[in-house]
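See structure below.
Computed from a predicted model, the values in this text were never measured in an experiment.
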Amino acid sequence: MPDAFTQSLILTSPEETAALATAMADILGPGDVLLLEGPIGAGKTHFARALIQTLLARHDALEDVPSPTFTLVQTYEAGETEIWHADLYRLSHPDDVLELGLIDAFETALCLVEWPDRLGDLWPAGALVLSFANHDDPETRTVTLSSDDLRWADLLKDCLNAAA
């Protein structure tokens, strides 16, 4: 199915990546799934950490936000919103995702999933995909946001303008 929504941004620093995450924090809630694609070092975890820390800070719940590379999933409480941050890099089969409980979390929590290609057929419809790509300049990234759900175009309009 073709994407209903696609937009690309060039982010020239880690601070711009964090600013995008901070802007997006205003529009996200339970049931939203962000799938973070891109090579190692492209900014996926930096984006996720900035987003999670922004949401936690709004509820005076400051805490460290480590990469879930080895734990596979980290969960957080930001007020009424449960946040799941998953890193599927080490999974070898989509069935492993079922054991994590991630599929149920897609319905009830805000989910950020790094290495979503490991989901296989479990890829959730309506998710927002953020594809991070490196540039020759080590600080610069292109992030392409896309979804098969057109609602993201309206939701993201203001925060993409703020981050641009």
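- Annotation: the span from Leu11 atom CG to His46 atom NE2 amounts to 9.5 Å, rounded to 0.5 Å.
- Minimum heavy-atom separation, Ser147 to Gly126: OG-O, 3.7 Å.
- Residues Thr75 and Glu82 bring no donor and acceptor atom of their side chains to less than 3.5 Å of each other.
- Remark: side-chain polar atoms of Asp32 are paired, donor with acceptor, to backbone N or O of Gly29 under 3.5 angstrom.
- Residues Thr17 and Val143 fail the side-chain proximity criterion, which asks for heavy atoms closer than 4.5 Å.
- Distance CG/Leu122 to CG/Leu88: 10.0 Å, rounded to 0.5 Å.
- Interatomic distance, CG of Leu128 versus CG of Asp149, reported as 9.5 Å (0.5 Å rounding).
- Here the closest non-hydrogen pair linking Thr142 and Ser8 is CG2-CB, 4.4 Å.
- Of the inter-residue distances, the one linking Leu55 atom CG with Met24 atom CE reads 10.5 Å to the nearest 0.5 angstrom.
- With rounding to the nearest 0.5 angstrom, the CG atom of Leu72 is 10.5 Å from the CD atom of Glu99.
- Annotation: the span from His85 atom NE2 to Leu110 atom CG amounts to 10.5 Å, rounded to 0.5 Å.
- In terms of heavy-atom proximity, Leu34 sits nearest to Phe47 at CD1-CE2, 4.1 Å.
- Counting only distance, with no hydrogens or angles, the side chain of His93 and the backbone of Asp95 share a donor-acceptor pair below 3.5 Å.
- For the pair Gly43 and Arg141, the tightest heavy-atom approach, listed with the atom from each and the gap, is N-NE, 4.0 Å.
- Few gaps surround CD on Glu77; more than 12 heavy atoms of other groups in view lie less than 6.0 Å from it.
- Annotation: side-chain hydrogen bond (donor to acceptor under 3.5 Å, both in side chains) contacts of Gln53 (sequence neighbours excluded): none.
- When side chains are defined from C-beta on, Phe106 counts as touching Val113, because their heavy atoms get closer than 4.5 Å.
- With 3.5 Å as the limit, one finds a donor-acceptor pair spanning the side chains of Thr54 and Thr22.
- Taking all atoms of both residues into account, the shortest heavy-atom contact from Thr6 to Ser146 is OG1-CB, 3.7 Å.
- Taking each heavy atom of Glu16 and Ile10 in turn, the nearest pair found is OE1-O, 3.8 Å.
- Side-chain atoms of Lys44 do not come within 3.5 Å of backbone N or O of Phe132 as any donor-acceptor pair.
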